[in-house]
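Read through the structure below, which is laid out as C-alpha cells, and then see the notes.
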Amino acid sequence: MKKHYRNPSGSAFAMEGAWRLRFAARAGAVLFLGATILYGLIGSGMLDYEGSPFHKLPGRLASLAGLAADDIEISGLVHQEPETVLAAIGVTPGGSLISFDAAKAKRILENLDWVATAKVQRSYPNQLDVTVVERQPFAIWQRGENYYVIDRSGTAMSNIPAAKLTTLPLVSGEGAALAAEELINQLEATPDIMLQLRAAARIGNRRWTLYLDNGVTILLPEENAGAALALADRLDRTQNLMSKGITSVDLRIPGRVAVGIAEVAEQKTGTASLSAGQ
C-alpha cells in the first residue's frame, strides 16, 4: 500500500508566494494608475498654474527623468525677445517637456502676426531648438490715432512699437497698408522725391497725396502714378518745380501740372498751370 504525504511547510510556502505575487500585481497596478494620473495632470498644465504649491513639480519630475527644458536655443530674432517665443509655445527654462509637441509649437509660432516662418526641433531628452524668421518692417501705417508697423504685404505686426522705427515711410488712410508696397516701389524710381517724403495719405482708397519735408504736397492720379512721379521729378530737375514758394503740385489730370504758389507778402495762395511738355 502506498501512502501519500503532504508537506505542511511546502503548502504554506506556496500560499505565501501566491500572496506576494497578488500584492506585487496590485501594487504595480496602483503605481501605474498613479503615474497615468500624474502624467495627465502634468500634460494638462493643472499643476503648473501660477501660485500653485505644485508649480515647479512638473519641471522637477521632468528633470529627474531627463525631460526638462535645460538646453534651449532660439535664433533668428531681430525685434522680438526670446521670452516672447517661449511664452507663445508654453515653455519655461527648466520646465517640463514631457508633453511638448514640436509640430504644434511650429503652428502656434507661424500664426503670430510678426512671424514669417518658424522651425521647432526637439532633440531628446532635453534639447529644444527654435528658429524664427520675422516679418520685415516696411512702413508705418497710421489709422486714426493708432500706428502700426506693417510688412510689404500690409500685415500689421504686434509687439513692435512704431516709435522705434521712425525712419520707415509713414502712410495713412483706409487701404494704405495694402497699397503701400506699390507706392514705395514707384517712389524708388525717383529717389530725390523719396528722400524728401514725410508721409503719404491714401485718398478714398483710390490715389495718393504725398507730403514732403519742404512743405510741398504732391497729388497723384488714380492711375499711372509712377509716370506722374517721373514727370514731377523731371520738372523739378529742369525747372526747380518744387523750389521754395511752391505749396502743391497737382498731377491728377493727365498731361497737366497745376501748382499752388504761396504769396508770402500778401499771405495768399495762388495757382498756376504748367504744360507737361514744358
Side-chain angles (χ1 to χ4, degrees), residues 136-156 160-278:
Q136 294 299 312
F138 179 69
I140 306 297
W141 176 35
Q142 180 184 358
R143 188 180 186 189
E145 300 297 321
N146 299 315
Y147 294 83
Y148 305 93
V149 177
I150 60 174
D151 69 353
R152 282 186 173 271
S153 70
T155 300
I160 302 181
K164 291 185 176 181
L165 299 172
T166 55
T167 58
L168 294 178
L170 174 65
V171 298
S172 63
E174 290 299 326
L178 296 177
E181 180 181 16
E182 182 181 7
L183 173 67
I184 300 304
N185 288 341
Q186 293 168 337
L187 281 167
E188 287 176 349
T190 56
D192 289 342
I193 296 178
M194 180 67 176
L195 288 173
Q196 298 182 67
L197 182 68
R198 179 166 54 88
R202 186 72 171 165
I203 309 300
N205 200 14
R206 300 188 314 274
R207 64 168 198 84
W208 292 96
T209 292
L210 309 183
Y211 298 87
L212 306 186
D213 287 332
N214 60 3
V216 175
T217 60
I218 301 178
L219 287 70
L220 296 177
E222 294 183 25
E223 298 179 357
N224 299 320
L229 283 169
L231 173 60
D233 183 59
R234 178 168 59 85
L235 291 174
D236 186 41
R237 285 185 284 106
T238 58
Q239 302 182 33
N240 295 320
L241 175 64
M242 288 175 280
S243 61
K244 199 170 184 180
I246 298 296
T247 59
S248 65
V249 180
D250 190 343
L251 302 167
R252 290 176 293 177
I253 301 176
R256 182 173 179 269
V257 181
V259 297
I261 303 173
E263 297 180 6
V264 179
E266 299 180 12
Q267 295 297 315
K268 296 180 181 179
T269 301
T271 60
S273 297
L274 293 175
S275 170
Q278 288 184 307

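Please read these numbers as outputs of a predicted model, since none were measured by experiment.
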With a 4.5 Å cut-off on side-chain heavy atoms, are L235 and V249 touching?
no
Strictly by side-chain hydrogen bond (donor to acceptor under 3.5 Å, both in side chains), give each pair with a member in residues 166-180 just once, sequence neighbours left out.
R143-E174
Side-chain contact, heavy-atom cut-off 4.5 Å: T247 with T217?
no
Provide the closest heavy-atom pair for P191 versus E188 in the form atom of the first, atom of the second, distance.
CD-O, 3.8 Å
Side chains of D250 and R256: does their closest heavy-atom pair fall under 4.5 Å?
no
Output all residues satisfying side-chain hydrogen bond (donor to acceptor under 3.5 Å, both in side chains) with N214, sequence neighbours left out; order by chain, then residue number.
Q196
L195 versus D213, closest heavy-atom pair with distance:
O-OD2, 3.9 Å
What's the shortest heavy-atom distance between R207 and P221, and which atoms?
CB-O, 3.8 Å
Can you list the residues that meet the salt bridge (Lys or Arg N to Asp or Glu O under 4.0 Å) rule with E182, with sequence neighbours excluded?
none
Indicate the atoms forming the closest heavy-atom contact of P137 with V149, along with that distance.
CB-CG1, 3.6 Å
Taking C-beta and beyond as the side chain, do D192 and R237 meet within less than 4.5 Å on heavy atoms?
yes
Value rounded to 0.5 Å, distance of CD1 in I160 from CG in L165:
7.0 Å
Report the residues that fulfil side-chain contact (heavy atoms from CB on, under 4.5 Å) with L178, sequence neighbours left out, ordered by chain and then residue number.
none
Partners meeting side-chain contact (heavy atoms from CB on, under 4.5 Å) with N224 (sequence neighbours left out):
A227
List the atom of L241, the atom of A232, and the distance in Å for their closest heavy-atom pair.
CD2-O, 4.1 Å
Between CD1 of I203 and CG of L220, what distance do you get to the nearest 0.5 Å?
10.5 Å
Mind checking whether L183 and L210 have side chains closer than 4.5 Å, heavy atoms only?
yes
Using a 3.5 Å distance criterion without hydrogens, assess whether the side chain of T238 forms a donor-acceptor pair with backbone atoms of R234.
yes
4.5 Å side-chain heavy-atom contact, Y211 and L170:
no
Do I184 and M194 come close enough that some side-chain heavy atom pair is under 4.5 Å?
yes
Side chain to side chain contact (heavy atoms under 4.5 Å, CB included) between I246 and I261: does it pass, once the steps are laid out?
CA-CA 5 Å; I246 298 296; I261 303 173; 4.2 Å; yes
Test ring-ring contact (aromatic ring centres under 6.0 Å, His included) applied to W141 - qualifying residues, sequence neighbours left out:
Y148
Quick one: closest heavy-atom pair of E181 and F138, and the distance?
CA-CE2, 3.6 Å
